[in-house]
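Quick notes on the structure that follows.
No experiment lies behind these values; they were computed from the predicted model shown. Below, chain A is the first sequence line, B the second, and so on; all start at residue 1.
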Amino acid sequence: MPKYDHLTIEPKWQAFWEEKQSFKTPESLSGPKYYVLDMFPYPSGSGLHVGHPEGYTATDIVARYKRANGFNVLHPMGWDAFGLPAEQFAIKTGTHPAITTAQNVANFKRQLKSLGFSYDWEREVNTTDPDYYKWTQWIFLQLYKKGLAYIAEVPVNWCPALGTVLANEEVIDGKSERGDHPVIRQPMSQWVLAITKYADRLIEDLELVDWPAGVKKKQVEWIGRSRGCDIVFSLPGRDETIRVFTTRPDTLFGATYMVLAPEHPLVDLLTPDEHKDAVKAYRDQAARKSDLDRTEKAKDKTGVPIGANAINPATGKEIPIWIADYVLMSYGTGAIMAVPGHDTRDWEFADRFEIPIVEVVSGGDVTKEAYIGDGLIVNSDFLNGLNVADAKEKMINWLEERGTGKAAINYKLRDWLFSRQRYWGEPFPIRFDEEGNHHALPEDQLPLLLPEVEDYSPPQGDDPQPTLNKATDWVNFKEDGKSWRYETNTMPQWAGSCWYYLRYIDPKNGDKAWDLEKEKYWMPVDLYIGGAEHAVLHLLYARFWHKVLYDAGLVSTKEPFTKLVNQGLITAQSYRGKDGYVHADLVDETKPGTFVNRETGEELEAQIEKMAKSKGNVVSPDVIVAQYGADSFRLYEMFMGPLEQSKPWNTQSIEGVRRFLERTWRLVLDTENDNLNAALVDGWGNDQQLIKEAHKTIKGVTGDIEGIRFNTAISKMMVLVNSLTKAKQKPRDIINRLLILLNPFAPHICEELWDRLGHDTPITAETWPTFEEELTKEELIQMVVQVNGKKRDTLEMAADTDKDSALAQAKALDKIAGYLDGAQIIKEIFVPGRLINFVVRK
RNA sequence: GGGGACGUAGCCCAACGGCAGAGGCACACGGCUUAGAACCGUGACAGUGUGGGUUCGAAUCCCACCGUCCCCA
C-alpha cells in the first residue's frame, strides 16, 4: 500500500476501535469528566445528508481531544425515533413503524460508523424501545403526581371530510395536506403539562448557562413574561363579570369597547336572541382559522357585536362587547379591553367598524393611527398630566383600592399540550375508572406497551378520536372486578428527547431511570451541539422536565446543558427553472454563472439554499466517503468556515484537504516502495525554526480546539505540514506530535501512520502534546512606524523592547525624522509588538 | 410581517481596534516527465456591500440603507 488508500485504512481502524472498545466510557466515577452531547437525530428514511455530521464531527473532535487530556469522556448517540414520517408510511403500506424505524436506524448507524465517530455505542438509546419509554412514562407519572399534568378541553385539528384528527404538520393554510379538505378547531379532552408554573425559573436560570445570546433571547421572548394588571368589568344587570389582562392600565379611560374571543364561555350567556345567528355564523368561521391566521397574517380585522354592554370601571360608562378572532382564548383571559387610540390592532378594528377612538396619551394623532409611545395622560380624570409609567402605577392602586383589579403577571407561554391522537408515540401510563376518573398506572405495570392495531390511521367518524381507540381489546380491561379503560392519546415526539441525556448516563439500568451517583458524576452536559431550529421548543421542554426532576431530587443540577453551540447550516446551490427545481446532477454550467438544464437546455436560476430533497441539492456523505474518505470529509466540513456560520457546500474544495492528508502521508511514508520516508530522523532535528513552528502549532491548535475554531486549527496544521514537506530532515518528535494534533480531526489516517511509525499502542491512547511558551515567541519583531496614522516606515527590534527605547529608535529613522522636523508631537502611541504612532501638528 | 446571522481576492474563508492575508479551491507560469497525471516550486488578483459617525488609527465599535441566508412557520 504505497499510496494513501482511505478505502483500506478506514474500515480497518473502525474495526480495530470496535474490537478494542477504544471509546468505551470509563466506569470510574472519579477524576475530571467531560460530557459532550449531540442532539440525537430522527432516523428518517432518506439517511444522513452532509449537514448532520457537521455537528457530530465537532463533538467528536472535542471528545477525542478531551480523552487525550485525561478526561473521562461520555460521548453517546441515539435515536429520536417516534414521529410522523414512520407513521405515515405505516398508514400507506401497513408496515409497522417499528420495522421502518429499525431499518432507518440501521442505515443511520452504518453511515455514522463509516465516519469514524468515537461514540460509545454500548450506550445507544432509542426512544421507541419499551425499555426506554418505560422511563418516559415513569417521568410522566412524576409530573402527574406533582399535579403538573392535567386534563383540559383543548382544540385539535379536526378534519370532518377525512373524519380524522390531524397533526399541525398535516394542516396547510387551514386545509388538510391530504385531499385539501377544510380543517376546523374542535375541542377535545387532552393532557396538558403545567410548564407555566416554571416560567419564571426558566427565564432566571438562563443566567446559569453559557448559551448563544440569540437562543437565550428567543427563550425569554417565547415565555413572554409581561407585568400588567387584571381588570374586572361588570355587566349591567348581571352578576357575571368579564376579567381582562392588560399591560396598559394607564389607558383604561380610553377603553371604548371590549372584545371576547369567539370561544369565550360568556358569549352564549350574554348574547341576546336577536344576535345569536350572527354570532354563531362568526364563531363557525373563526373555528376554521389557525391562531396564526387569526393574528399574525390577518390583514383585515373581522368581528361582530354580541348586542350586550360592559361598564368601564374608570368612566362608569357602558361600552359595547364584540367578538373578534384577533383575540385568542389561549392568551390572557380570552378577553380584552380595547383601547383604539393606543393599540394598533384595536385602532384598525375601531377604524373599520366606526367605534369611537379616544386619545388618552398625548404625543400622536389618534385620528390617523394608534399612538403607542410615551406621553402625558389626557382625558383621564385623576391620571391627567402623568407619564405612562406613573399612570400605570396609579391606576393599579386605584383599581386595587376599589377591588376591581390588581397587579398581575402574564405569560405568552401556554401550558404544554401534551396529547397527540397518533399511534406512533408513548402511551400514557394512565387508566380511567368506571366513573371516568383518571389514575396513575402502578409503576410495576410499566412499560405500558403500544398495542397492535390493524391500521395506523386515526378512527374516522363524526368526532375526533385518537388512533388507539381502535385497539378495543387493549383499551378496555378488568382488574379486581372493575372495568377500566386506558388513556388512548399518546405523547408528542418531544417527550423522549426531554430526558435522553440522562438515560445515556445509565442506559441499561432495569430498576431505575438512572443511578443517582452516576448522575451526580456525569451531569451537567458540558457541551451540547445541535441545530438552531431547536432554540426554543426542545431546549425549553427539556429544561422544564429537568427542573421538575431537580425539585424531586432526581437530578443534581438546576440546568442540564452548560454550554450550547448551534452549528450553522450547510447550504448548497440549487437550480430553478419555470417548472420548479431541477436536480443539481442534471445541471451544466455552460459558462461561468450560466446554468442550463442538460436535458431541455433551459437556462436556470441558481441560488444558495438550505439542503432539501425537494430542492434537488442534497449531498449524501456516502458518496463523499467513498470517493475521498471519512477523514477528508470530516476535515473539509470543519475547514469550510466557523462552526456556527452557514456555509455553502462545494465538493470540489475537498480536494484541498485531501491533498493535505496525502502530504501528511508522504511525510511518513515513501509512496514508491512502501518504506518509511528516508528523510525521517529521530528526535526534534536541528532546524530551530521548525522546532519553533512545531511549538507554535501545538499552542495554536490547542487554543483553537478549546475555542471551537476548527477551521483555523486545520490551517495551522497545514502550515506545519507544508514546512515539514520542505524540510530536508523530518524529525519524528515533531511528526509524532503533529499526528496527535491531527488525530481528533482525521483519526483513521493518523492511527495508520502512527502504527507505521512503529508505535505499539494506538494513537487514541496518546496524551495531548505540550509546548514551551518560550519557543512560541519570536525574538525579533517588525514594528510599524506611523505618523498621524499613516505608515511611514518599519523598524525591526527585540520583542521585549520597552516603550522609551522603541520610540527613540523610531525617531531616529531618517524618514520619520523628516516628518517630525518642525512639528509638535501631540501624542506618542506604542503598541507592544505592533506599532508606533506619532500624532503631530505642524 | 417580526427576529437573528452574515457581506473581505473569481470562490470558501483568516486577521486581541494596529502593515488587509493564515489556509484552501480555481487560475497562470516554471521544474520533474518521452508526454500527461500526480507531485514540487513560483505568482497574479481585493482595500473589506453603500453612506455617515466614534477614534491617533475601523474589516473590526455605533447609526442608517442595500443584499444574502436562516428562524418564527
Original post:
Is a side-chain donor or acceptor of A:Arg185 paired with a backbone partner of A:Ala287 at a separation under 3.5 angstrom?
Top reply: no
Just wondering, more than 12 heavy atoms not from [X] lying within 6.0 Å of its [atom1]?
X: A:Glu774; atom1: CD; answer: no
X: A:Glu779; atom1: CD; answer: no
X: A:Asp802; atom1: CG; answer: yes

So what's [N] paired with, Watson-Crick or G-U wobble, going by both distances under 3.5 Å?
N: B:U55; answer: none
N: B:G1; answer: B:C72
N: B:G21; answer: B:C13
N: B:G67; answer: B:C6
N: B:G41; answer: B:C29

Please state how far atom [atom1] in [X] lies from atom [atom2] in [N], giving the value in whole angstrom units.
X: A:Asp704; N: B:C13; atom1: CG; atom2: C1'; result: 14 Å
X: A:Gln567; N: B:C71; atom1: CD; atom2: P; result: 13 Å
X: A:Arg345; N: B:G2; atom1: CZ; atom2: C1'; result: 13 Å
X: A:Ile826; N: B:U55; atom1: CD1; atom2: C1'; result: 14 Å
X: A:Lys647; N: B:U68; atom1: NZ; atom2: C1'; result: 16 Å
X: A:Leu661; N: B:C39; atom1: CG; atom2: P; result: 13 Å
X: A:Phe660; N: B:C13; atom1: CZ; atom2: C1'; result: 16 Å
X: A:Asp670; N: B:C39; atom1: CG; atom2: C1'; result: 13 Å

Original post:
Residues from residues 604-620 of chain A sitting under 4.0 Å of RNA chain B, heavy atoms only?
Top reply: A:Ile608, A:Glu609, A:Lys610
Subject >> Residues touching RNA chain B, which here means a heavy atom under 4.0 Å, drawn from residues 814-825 of chain A >> reply: none
Can you tell me how far [atom2] of [Y] sits from [atom1] of [X], rounded to the nearest 0.5 angstrom?
X: A:Arg709; Y: A:Lys716; atom1: CZ; atom2: NZ; result: 6.5 Å
X: A:Leu661; Y: A:Met718; atom1: CG; atom2: CE; result: 8.0 Å
X: A:Arg576; Y: A:Gln607; atom1: CZ; atom2: CD; result: 4.0 Å
X: A:Lys647; Y: A:Tyr636; atom1: NZ; atom2: OH; result: 10.0 Å

Subject >> A:Asn722 side chain to A:Arg663 side chain, donor-acceptor N/O pair below 3.5 angstrom >> reply: yes
Original post:
Going by distance alone, is a donor N or O of one side chain under 3.5 Å from an acceptor N or O of the other, for A:Asp415 and A:Thr196?
Top reply: yes
Taking side chain as C-beta onward, heavy atoms only, is [X] less than 4.5 Å from [Y]?
X: A:Trp665; Y: A:Ile9; result: yes
X: A:Asn677; Y: A:Val668; result: no
X: A:Asn788; Y: A:Tyr819; result: no

**OP:** Would you classify A:Lys217 as touching base, sugar-phosphate or nothing, given that sugar-phosphate means primed atoms plus P, OP1 and OP2, and contacts are heavy atoms under 4.0 Å?
**Re:** sugar-phosphate
Original post:
Would you call B:G47 syn or anti, using the 90° rule around 0?
Top reply: syn
At a cut-off of 3.5 Å, list every protein nitrogen or oxygen paired with a nitrogen or oxygen from nucleotides 44-47 of chain B, distance to 0.1 Å.
none

Before accepting this row, confirm whether a basic side-chain N of the pair [X]/[Y] lies closer than 4.0 Å to the acidic partner's carboxylate O.
X: A:Glu828; Y: A:Lys811; answer: yes
X: A:Lys699; Y: A:Glu773; answer: yes
X: A:Arg248; Y: A:Asp343; answer: no

List every contact pair, protein side and nucleotides 51-53 of chain B side both N or O, where the distance is under 3.5 Å.
none

Subject >> Contacts of A:Tyr56 that satisfy side-chain hydrogen bond (donor to acceptor under 3.5 Å, both in side chains) - sequence neighbours left out >> reply: none
Original post:
Taking atom C1' in both B:C70 and B:U42, what distance in whole Å separates the two?
Top reply: 42 Å
Original post:
Going 5' to 3' along nucleotides 16-27 of chain B, which nucleotides have protein heavy atoms under 4.0 Å from the base (write B), which only from the sugar-phosphate (write S), and which from neither (write -)?
Top reply: B-BB--BBSSS-
